[in-house]
Undergrad: 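Could you have a look at this structure, given as structure tokens, before my questions?
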2 protein chains.
Amino acid sequence: MVNNDLKAKAEKILKTAGFNSTKAQIFILQELLKAGKPLSREELAARLGEKCPDKVTVYRIMERFCAGNLVHKVYLSNRAWNYELAHHCDEKQCHPHFTCNNCGETFCLTGLFLPMVKGLKKGFVVQRQQVRIEGLCPACS
Amino acid sequence: MVNNDLKAKAEKILKTAGFNSTKAQIFILQELLKAGKPLSREELAARLGEKCPDKVTVYRIMERFCAGNLVHKVYLSNRAWNYELAHHCDEKQCHPHFTCNNCGETFCLTGLFLPMVKGLKKGFVVQRQQVRIEGLCPACS
DNA sequence: TTAAAACTGCAACATTATTGCACTTTTTGC
DNA sequence: GCAAAAAGTGCAATAATGTTGCAGTTTTAA
Ligand SMILES: [Mn+2]
Ligand SMILES: [Mn+2]
Ligand SMILES: [Zn+2]
Ligand SMILES: [Zn+2]
């Protein structure tokens, strides 16, 4: 069954990354896997419905996942933290994200990496580079 | 006098961009010119002190400036809108911004442009590209 | 099996931004 | 310059999003 596969996958990822297999963490990780794009706390809740843990728990889980580098925060124009699995990101660079100025939808541009920025002044140590693009999506252009 | 120059400059920019020369708009524009980096509403207020208009007015002015493409919003990790003058940005690309993971300071990497992303699927129209970098600043590395 | 460690939910609170509306300032047309 | 219109402003209330403290529960590990 596909759902069992997903759950098994989530549990495996948790274990590998050193996290406990709690119900809340499994639900959230499964949903991030399904989504394949950044989700705000609210979008996550809408998708999980009944199964969604309390918002405090969600934020705390995301914080732990970020600390463990399982998840990245993405900063978009929607006035909320947005979380996505880090598994499609390079060590130092996440794939770019495209947000439509008309409908507000955000798309992952998986596979489209830009070169890392070059020529920083002495002393700057780059840990991560993120690219945010805005424009019109196919449905709106 | 340098201050008068700055005020004159602000007024000229406003006029050119089709904005009225109100006290609030002049103060804010002067401060954005001085800052030369993105400011949150709160940072702006700290800099302007007494002269700072009500926060509602600040937000509304920034909204107008953004609509007139005089100012850009920059999305950083600080849970606030950040505004900066658009005058060091290309038509389609702002210069990258570097935020230190240790002290939280943000730096403009003026002059360091990346190539525009290439290879988007049909139908995507790019209007602006922004690059956000995190890492350690010279003082913290 | 049980004690320790980790996690969760609820309520209260904090921070940041927005809305409505009455008042003021600035611009415009004479 | 002057009056009317247009644009901008401030205050209070409210909304949206995220955080803290703490008691109780679940998970892990011995
Ligand atoms: Mn993505
Ligand atoms: Mn800048
Ligand atoms: Zn769209
Ligand atoms: Zn620093």
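Sequence lines set the chain letters: A, B, ... in the order given, protein chains first and strands last, and positions in each chain run from 1.
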Undergrad: Could you work out, with side-chain contact (heavy atoms from CB on, under 4.5 Å) as the rule, every residue matching B:Cys140, not counting sequence neighbours?
TA: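 Only B:Cys100, B:Asn102, B:Cys103, B:Cys137 meet the side-chain contact (heavy atoms from CB on, under 4.5 Å) criterion with B:Cys140.
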
Undergrad: Using a heavy-atom cut-off of 4.0 Å to chain B, what are the terminal contacting nucleotides of DNA chain C, in 5' to 3' order?
TA: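 Endpoints of the contacted stretch of DNA chain C: C:dT16 to C:dT27.
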
Undergrad: Under a 4.5 Å cut-off applied to non-hydrogen side-chain atoms, are A:Leu85 and A:Val71 in contact?
TA: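 Of all side-chain heavy-atom pairs linking A:Val71 with A:Leu85, at least one is under 4.5 Å.
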
Undergrad: How bent is the helix from C:dT1-D:dA30 to C:dC30-D:dG1, measuring the angle between the end axes built from five pairs each, rounded to 10°?
TA: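 The value is 50°.
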
Undergrad: Please list each protein N or O that sits under 3.5 Å from an N or O in nucleotides 18-25 of chain D, with the distance.
TA:
unit_1	atom_1	unit_2	atom_2	d
D:dG18	OP1	A:Trp81	N	2.3
D:dG18	OP2	A:Tyr59	OH	2.1
D:dG18	O5'	A:Tyr59	OH	3.2
D:dG18	O4'	B:Arg79	NH2	3.4
D:dG18	O3'	A:Trp81	NE1	3.3
D:dG18	O6	A:Lys55	NZ	3.0
D:dG21	O6	A:Arg60	NH2	3.3

Undergrad: Please list, chain by chain and in numerical order, all residues satisfying side-chain contact (heavy atoms from CB on, under 4.5 Å) with B:Thr57, sequence neighbours excluded.
TA: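 B:Thr57 satisfies side-chain contact (heavy atoms from CB on, under 4.5 Å) with B:Ala24, B:Pro53, B:Asp54, B:Ile61 only.
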
Undergrad: Going by side-chain contact (heavy atoms from CB on, under 4.5 Å), name the residues that satisfy it together with A:Ala46, two or more places apart in sequence or in a different chain.
TA: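 Not a single residue meets the side-chain contact (heavy atoms from CB on, under 4.5 Å) criterion with A:Ala46.
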
Undergrad: Identify the heavy atoms of A:Ile26 and A:Lys7 that sit nearest to each other, and give their distance.
TA: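 Residues A:Ile26 and A:Lys7, closest heavy atoms: CG2-CG, 4.0 Å.
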
Undergrad: Once you round it to whole Å, what is the distance between P of D:dT28 and CG of A:Asn20?
TA: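 Answer to the nearest Å: 5 Å.
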
Undergrad: Can you sort out the partners of B:Arg64 under side chain to side chain donor-acceptor pair (under 3.5 Å), two or more places apart, ordered by chain and number?
TA: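 By the side chain to side chain donor-acceptor pair (under 3.5 Å) rule, B:Arg64 matches B:Gln25.
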
Undergrad: Thinking salt bridges, do B:Lys34 and B:Glu31 make one under a 4.0 Å N-O criterion?
TA: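 Judged by the 4.0 Å cut-off on N to carboxylate O distance, B:Lys34 and B:Glu31 do form a salt bridge.
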
Undergrad: Round to the nearest Å and state the distance from B:Phe19 atom CZ to D:dG8 atom P.
TA: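 The distance from CZ of B:Phe19 to P of D:dG8 comes to 8 Å, rounded to the nearest Å.
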
Undergrad: Applying salt bridge (charged side-chain N to carboxylate O under 4.0 Å, His left out), which residue pairs with at least one partner in residues 100-118 of chain B are found, sequence neighbours left out?
TA: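 For residues 100-118 of chain B, and leaving out neighbouring residues, the salt bridge (charged side-chain N to carboxylate O under 4.0 Å, His left out) pairs sorted by first residue read B:Lys37-B:Glu105.
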
Undergrad: Hey, could you give me each pair passing ring pair (Phe, Tyr, Trp, His ring centres under 6.0 Å) that has a residue in residues 24-81 of chain B? Not counting sequence neighbours.
TA: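 Passing the test, one end in residues 24-81 of chain B: B:Phe19-B:Phe65.
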
Undergrad: Where along residues 21-39 of chain A does a heavy atom fall under 4.0 Å from DNA chain C?
TA: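 When residues 21-39 of chain A is checked for heavy atoms under 4.0 Å from DNA chain C, the hits, listed by number, are A:Thr22, A:Ala24, A:Gln25.
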
Undergrad: Between B:Gln127 and A:Glu134, is there a side-chain donor-acceptor contact under 3.5 Å, judged purely by atom types and distance?
TA: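 No, B:Gln127 and A:Glu134 have no side-chain donor paired with an acceptor closer than 3.5 Å.
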
Undergrad: Under the side chain to side chain donor-acceptor pair (under 3.5 Å) definition, can you give me all pairs with a residue in residues 8-21 of chain B, not counting sequence neighbours?
TA: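 Listed once each, the pairs would be none.
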
Undergrad: Applying side-chain contact (heavy atoms from CB on, under 4.5 Å), name anything that partners A:Lys92, two or more places apart in sequence or on another chain.
TA: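 With neighbours one apart ignored, the set is A:Met116.
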
Undergrad: With the side chain counted from C-beta on, respond yes when A:His95 and A:Leu109 share a heavy-atom pair under 4.5 Å apart, and no when they do not.
TA: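 Contact flag for A:His95/A:Leu109 side chains = no.
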
